[in-house]
Amino acid sequence: MPKSLGGTAQVRGNEPLDITRLASHSDPSIPLVSVFSSATWRHGQQHGAPRPRPSLQVYYIAPDANDPAYLELAARTLEANILSGRHEGRDPAECDRLDVYGMPLLGSEEDVVNACIEHQRREIAARSEDKDWYIQRYDVARGAWRRALVIVRRGLEEWVAEDGARREVGLSVVFFDAADKGEGSGTRSDSWERRAGNLEEEEVLVRELKAELNWQHGASQFE
């Protein structure tokens with residue numbers, strides 16, 4: 001465990017987290033950590049499900065992403081600190097989980113985005129019959145997109161400055177499968193990436209994702 005990440009790894013308010021370590025359903029060589037806030041989930045459990053059914057699909061693509069210790073620490077930190085604001089002002093029933101994949105990726109920006117989308121499409125298909133791990137489609141009226149994922153580019157060592165202050169994690173949100181084209185077109189034009197330029201924009205992007213692609217419009221998918 002990297003010692004320099006003590007500040008990053010601290011859980012806000014000592015909030016308990018539920019961690020599941022497994023592999024990508026579509027590619028066992030890709031590690032996956034699923035995490036959610038136990039306290040929030042206790043107040044919004046749905047039909048006795050073992051975990052929140054809605055999820056944000058997150059790709060941690062830094063060079064250390066395939067190290068289990070680093071991946072788990074990244075997942076914990078994203079849930080407890082960096083992306084925790086997505087729950088503020090929302091009903092506990094809207095609680096979701098983070099599914100964080102460890103996929104070290106090199107190449108152009110286009111190559112990285114395409115690799116994440118291609119894996120996500122395979123993952124969606126692999127989980128289609130398992131409602132506990134099902135990846136929801138966003139059926140928002142007049143919505144432009146049916147799918148989305150989050151990319152985190154910077155390695156854990158870059159998340160904290162020398163004075164302990166949090167730094168940007170290199171976050172972007174990728175929307176794909178345009179509503180007017182249907183799913184699975186597989187073309188680059190069928191996606192749109194929004195990258196954050198600072199800490200405030202990272203929080204705004206995820207809040208907007210939650211607001212614009214409200215999974216409850218398609219809640220029947222989980223039945």
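Note that the structure is a prediction, hence the values are computed from the model and not measured.
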Inset, instruction - Locate the shortest heavy-atom distance separating Leu32 from Ser24; write the atom from each residue and the value. - result: CB-N, 4.0 Å
Inset, instruction - Could you walk me through whether Ile151 and Arg153 pass side-chain contact (heavy atoms from CB on, under 4.5 Å), step by step? - result: CA-CA 6 Å; Ile151 299 177; Arg153 287 177 168 78; 3.7 Å; yes
Legend entry - Shared hydrophobic cluster, Ile19 / Leu156 (ILVMFWY, side-chain heavy atoms < 4.5 Å): yes
Legend entry - Result of checking Arg122, Arg127, Glu123, Arg121 against Ser26 for side chain to side chain donor-acceptor pair (under 3.5 Å): Glu123
Inset, instruction - Over all heavy atoms of both residues, which pair between Arg195 and Leu205 is shortest? Give the atoms and the distance, please. - result: C-CD1, 3.9 Å
Inset, instruction - Evaluate salt bridge (charged side-chain N to carboxylate O under 4.0 Å, His left out) for Arg86 paired with Asp96, printing each intermediate quantity in order. - result: CA-CA 9 Å; Arg86 73 188 192 280; Asp96 58 23; 2.8 Å; yes
Inset, instruction - Give a yes or no on whether the backbone of Arg154 and the side-chain of Trp159 come within a donor-acceptor separation of less than 3.5 Å. - result: yes
Legend entry - Glu158/Arg167 ion pair, N-O < 4.0 Å: no
Legend entry - Short side-chain donor-acceptor distance under 3.5 Å, Gln136 and Tyr138: yes
Inset, instruction - Give the minimum heavy-atom separation between Asp190 and Ala178, together with the two atoms involved. - result: OD1-N, 2.6 Å
Legend entry - Test item: Arg147 side-chain N/O and Asp177 main-chain N/O as donor-acceptor pair under 3.5 Å: no
Inset, instruction - Consider only side-chain heavy atoms of I, L, V, M, F, W and Y, link residues closer than 4.5 Å, and tell whether Leu17 and Leu78 are in one cluster. - result: yes
Inset, instruction - Establish whether Tyr101 and Leu22 are linked, either directly or via other cluster members, by ILVMFWY side-chain heavy-atom contacts under 4.5 Å. - result: yes
Legend entry - Basic-acidic side-chain contact under 4.0 Å: Glu208, Arg194: yes
